[in-house]
Structures are given as C-alpha cells and as structure tokens.
2 protein chains.
Amino acid sequence: MQLKSLRIFREVARTGSFVAAAELLHTVQSNVTAHIKKLEEELDAKLIERHGAVRLTSAGQALIQYSESILSAHDEALSLFRKNASPRGRLRIGAMETTTALRLPPILAKFHKAHPEVDIELHTGPTADLIKGMMAGQHDCIFVAGKVNHPRLHQFRAFDEQLVLVSGRHMDKMPAPQELQTATFLAFRQGCSYRQRIELLLATHGVHATRIFDFGTLDAMLGCVAAGMGYAILPSMTVEAHRHRFEVHSYPLPEEIGQVTTYYAVPEMDTWTPAMTAFADVLRRATDAQVFT
Amino acid sequence: MQLKSLRIFREVARTGSFVAAAELLHTVQSNVTAHIKKLEEELDAKLIERHGAVRLTSAGQALIQYSESILSAHDEALSLFRKNASPRGRLRIGAMETTTALRLPPILAKFHKAHPEVDIELHTGPTADLIKGMMAGQHDCIFVAGKVNHPRLHQFRAFDEQLVLVSGRHMDKMPAPQELQTATFLAFRQGCSYRQRIELLLATHGVHATRIFDFGTLDAMLGCVAAGMGYAILPSMTVEAHRHRFEVHSYPLPEEIGQVTTYYAVPEMDTWTPAMTAFADVLRRATDAQVFT
DNA sequence: CCTGCTGATTCATTTGAAGTGATTTGAAAT
DNA sequence: ATTTCAAATCACTTCAAATGAATCAGCAGG
C-alpha cells in the first residue's frame, strides 16, 4: 500500500469520479484505475462500486477512515519541515543555572510569543552535563560557559559575564590569601565551569586546596552566602538581579579570570529543525551583534 | 515521502545500524542508504548522524514521531483487512422494527461476545427505507421482509414469520368483511412491508379502503391495539413476546398471505469488511440451516 | 604509524513498477 | 438503435527502486 494510492483513493471517494480525481491530482484516468485496482488486489476487497455512480463499498468506507489519518499525519510531517512555515514541535534547550535564571527568560518569552506552536523544554545543568547530553541527543541546543572543543558543534558567543566574588560581608578589596585559604566556597554541583574559576582564583593567590560545597540551585547558594557560610563566584548580573532578595556583597574578580563568555552551541545547521532555526533567529536579534559572527 | 522509506528510517533509528536495518527488512544496505538519502533530500535536513555510532539528529527525532503515527495507522489498516484476523471496526446493520425487537438481540449478543472489537450500529426502519439506505451506502447489511428485486444484492432467508391479526378483543375466527371494512388498522410508518399485507388481507375479503394509522414503534402500536383502537398485523412471535405486557388477542392469517420470510440482504461478498464476514458466520450458525443455501 | 576490520557510500546495471495515450467496453440517456 | 460519457484495458515509455561490486571512512590493535 502506497501513500500515492491512498491519496488517489481518497480523491476518488471525495469527487465520486475517476476522471475528476485524475485531473485534480495531475495524472491520467488510466493511472487512477490502476492505483485503485492495486489497492483492491492488495486488500483483496472491492473498495469502489462503479455502476453508474461511483460509490464506496463497506470495505471502502472502512479504508477511507484510515486513509484520512495516515494522509493527515503525512501532510503534517511534511509541513513541519517546510521552510518558511511557522515552526511547530519540540525545542529542547539545555542551559546553565545562571543562564536560565538571568538571560533566558526574556528570550524565551519573546520566542514563545513569536512561535506559540513550539513546545519549549528547558533542561538545566552544569556545562559538562549539558555537553554530554547534547552528544547523546537529549538537547537540541545548549548554553555553556567557554568554548567546547568538539568538531561538528557550532558555537556562537551569546553572553559575556563578569564574575564577582560574593560574600555575606562587605569587601572593599580582594580578601587576603590566608583568608581565602581557610574560607569555604559554595559552587554548583560537579561539572559547573564557574567552579573551575574558584580553583583558578585560589591558584593565582598561591593557595591550593580549600573546602568547596556543592549546591543545586542558585537560591540555596545565595541564601547560604548571605548567611555567612562562605564565598561564591557568580556572574555579576546574576548577583545584581537577586540583590533585593539576599543581602550579599560582591567584589569583581581580576580581568583575566573574571571574564567568562557563555556560548550558544548547536550541531551543524543542516540537522536543525525549523524550531531551532527560528530560535537562533530570535537569539540573534536578542543578543544583537554578539552572536553568529 | 514513501511508506517504505519511513519504515527503513524507523528501523535504522531503532537498531542504530544500516546493516542491521537492511537485514531485518530483507534488503541490502546500499538500498537503506539510498532511502535515507532520499528522505533527507526531500526534507532538506540531515536526519541521521553517521560518525561512529549512528544517531538521530534533532530533525531525525522530530520525524521519527510522525513516522510512528503514520506507520502504526498503516499497519492497523492492513490488519483490518487481513483475513483470519479478529475483525475490528464498524458494522452497520439495518433491520425492521419487529426483527430488531425479537430476532436480533440474541444474535447481536452472540456476535458481540465473539468479536468485542466491532462497533455495532443498529439502524431501525421500514423495509423500503432500509433498501434505499443500503443503496446509498448507509448500511453494511439489512434484514428486510420479502425478496428484494435488485441485482448485486445477495439475499438469504433468515427468519420465517407467521403473521397474525392482533386485536384488543378475543377472536375465535377471522372477523367478518363488514367488520374489517369499518375497522381502523395500525401499521408502521410508510414503507413497512407488513402494511402491504393489510391491503392484501382486505382485498381477499373484497374490501377496498380503510383507515390506516401510522406508528413509529412497536410499543405504541401494541398499546393502542390493547386499548381497542383497532387491528394490527404482526409476526406471531413478536406478539407472543409482548403478551405479558399488553393484553392483546391474535388470530393467525390464512397461509397464503400470513407467511412472511425475513431476508438477510448484503452486497456482493468481495465488498465485505471482515466484520461483515464474521457477522454472516454468526448469523448462519444462529439460524441454522435456513440461511446461505 | 601502519594495518585490518567493520560499516556506510558510490556507482553501474538490472529489474520492475508507475505513468501515458489510444482504444475498447459498458451503462445510461435519447 | 444510437449517442454519449466514464471506466477498463493494453501496448509502450519512462523513471525509480533494488542489487552487487567497489570504494571510502572511522576505529581498534599491534
């Protein structure tokens, strides 16, 4: 059984004429006859009564229902891939906690408004997990800190973040090495790239190991920092956005380790769904000239 | 896009291998490659990532969902027509009021028990309407009184009915012609074949016209007969079955006009759905040797 | 770094099926 | 009986699917 045959069958049923169906489907009448005949042979049942008026038999009426559902699913699939059609389906975005909290909301809102037919799935996790998930085909696109060293993964600068040292107490300069040596640091769970910055910071101060606590969410982390549990390293914008909720103080990290770029990573363009294309479009507009250079 | 291609695509996605898919579908792997390539060209998107492990791209994952729904609908349609598979779908039976009330219930019960997957639609109406409906493709099969004179309509004796004259008063012989002349008759609405029998009965008694009231349901008719409104002509079995609910009396019609056979009429066998085949089977068994001679 | 192995691609060739147009058949209307 | 319209049939063309051999790419083991 072939889609072409079903399409012809449906048209004959609709128009009640072999000739009319042939014209509508841009073929000749003998071809219509052949397709119907083939269907009838395959199913071993007469589908159409052709004595005077062309009418569906009981078997034909049973088949037409399935034809409709098969053909409509087929048409829908085709329309999903048609360029310049409004995108539908699923879009699975992976992003870091901080990106999700601060940068994504306005972009997702804009995207959803422009393409309400797309179901957005937002998965949050540390950079390492995101990359692994992307390779396993669990995300369509991800936002990660720093460039990923992987062929067939295209990357674009999305956001530039200035990292700050966050504390419950006021700081007017970088704390002394011996202070950092004994202090506790709060970081996202294993795999977060900001965590590496902590190590880097300590190293520049000649300090080696220290205690690092794992946190799953931004709220928990900022709450504990405000309570004086220890230091954290976070993007400046993130801290600013939450300052009204937590009493925390921050001090900028030195230029060379305090600058972090969040990249938008996607597979090659020819593997994109229309939803991904549309999202990249919105993203480009939202981040202006930074991406897709 | 072709069903064959989708089937191959699905198999590749499932097995994660072109070779495995080729073997399972009894073809060669170059053919698998060709089909996937064709799909990719048609949709203008890379569906499968083939570097080391064969994996679906985002576009591929979007397509596979539609593939599943298309293919499962297709498989279901095929299984619907496969002989010796348990029938599914719809069965639209047309029958006269009296047949519906008396003869069909046990048969339908038996059929439903044997084939619970079939949705039975029972349409009730007078013989003439049933035949018209059958020609218009509204019924799959009908039970009618008397043989239908129509080519490409197969008919089998289903039930033999003995007609009786029904009255609210006791009768020990056929009422006199002058009684019949002035009496009122109750009958089903236009098109019922039993109605013709009334005319026939009157004619044999040399009586011409009389008043005939139309009724839609058996209950209303028997109720009015019991109340003394007039006479009715009905199958003996029908009257017997309702005797406990209505106080009516009956007297058998003479042999030559009192014998009515209910026929089971269906289109040619090659237009049947499997549900129709199964029903004919149950019907044959239920009515023993009477049908399908 | 080479080498062999596995698995996908490419290509030339065969095969078969789909499409075409002329013609015939069949049913209904005149 | 005749005309007409629509579907079936048939011979022929054309295009696409399937095949198998050869090639190429990635990967593991030496």
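Note on naming: letters A, B, ... go to the chains in the order of the sequence lines (proteins, then strands), and numbering restarts at 1 for each one.
In this structure, B:L24 atom CG and C:dG7 atom P are separated by 14 Å, rounded to whole Å. Between the CG atom of B:N31 and the P atom of C:dT15 there is a distance of 16 Å, given to the nearest Å. The distance from atom CZ of A:R50 to atom C1' of C:dA28 is 18 Å, rounded to the nearest whole Å. The distance from atom CD of A:E23 to atom C1' of D:dA7 is 14 Å, rounded to the nearest whole Å. In this structure, the CZ atom of B:R55 is 17 Å from the C1' atom of C:dA8, given to the nearest Å. For the pair B:E42 CD and D:dA17 C1', the interatomic distance rounds to 14 Å; values are reported in whole Å. Taking atom CG of B:L25 as the reference point, atom P of D:dA18 lies 11 Å away to the nearest angstrom. Whole-Å rounding puts the B:E41 CD to C:dT10 C1' distance at 13 Å.
Across residues 2-17 of chain A, A:S17 each have a non-hydrogen atom less than 4.0 Å from an atom of DNA chain D (numbered order).
Taking only side-chain nitrogens and oxygens, B:K38 comes nearer than 4.0 Å to OP1 or OP2 of D:dA17. Under 4.0 angstrom from either OP1 or OP2 of D:dA7 there lies no side-chain N or O belonging to A:S30. Distances shorter than 4.0 Å separate some side-chain N or O of A:K37 from OP1 or OP2 on D:dT9. Phosphate contact (OP1/OP2 of D:dA8, side-chain N/O of A:T33, threshold under 4.0 Å): present.
In this structure, the separation between CG on B:N31 and CD1 on B:I8 is 5.5 Å, given to the nearest 0.5 Å.
In the set C:dT9, D:dA8, C:dA18, the nucleotide with an atom closest to the side chain of B:F18 is C:dT9. In this structure, the nucleotide among D:dA17, D:dA8, C:dA8 sitting nearest to the side chain of B:V54 is C:dA8. Distance from the side chain of A:H35 is smallest to C:dG19 among C:dA8, C:dG19, D:dT19.
With hydrogens and angles left out, the side chain of A:Q29 and the base of D:dA8 share a donor-acceptor pair within 3.5 Å.
Using five terminal pairs a side, the axes of the helix from C:dC1-D:dG30 to C:dT30-D:dA1 at its two ends make an angle of 30°, given in steps of 10 degrees.
Using a 4.5 Å cut-off on side-chain heavy atoms (C-beta onward), B:Y263 and B:K147 make contact.
Between the side chains of A:E49 and A:H51, at least one donor N or O sits under 3.5 Å from an acceptor N or O. In summary, the side chains of A:R7 and A:S67 do not present any donor paired with an acceptor at a separation below 3.5 Å, with no hydrogens or angles considered.
Look at B:D119 and B:R92 and you find no salt bridge, because none of the NZ, NE, NH1 or NH2 atoms lies under 4.0 Å from a carboxylate O. The pair B:K38-B:E41 fails the salt-bridge criterion, with no side-chain N (NZ, NE, NH1 or NH2) lying under 4.0 Å from an Asp/Glu carboxylate O.
Under the side chain to side chain contact (heavy atoms under 4.5 Å, CB included) criterion, A:Q65 pairs with B:R90, not counting sequence neighbours.
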| task | Just do the side-chain contact (heavy atoms from CB on, under 4.5 Å) check on A:Q61 and A:T57 with the steps written out, would you? | result | CA-CA 6 Å; A:Q61 292 184 43; A:T57 64; over 6 Å; no

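Using a 30° and 60° split on the angle between ring planes, B:F279 and B:F111 fall in the perpendicular class, above 60°.
The minimum heavy-atom distance linking B:F188 with B:D214 is given by the pair O-OD1, 4.2 Å.
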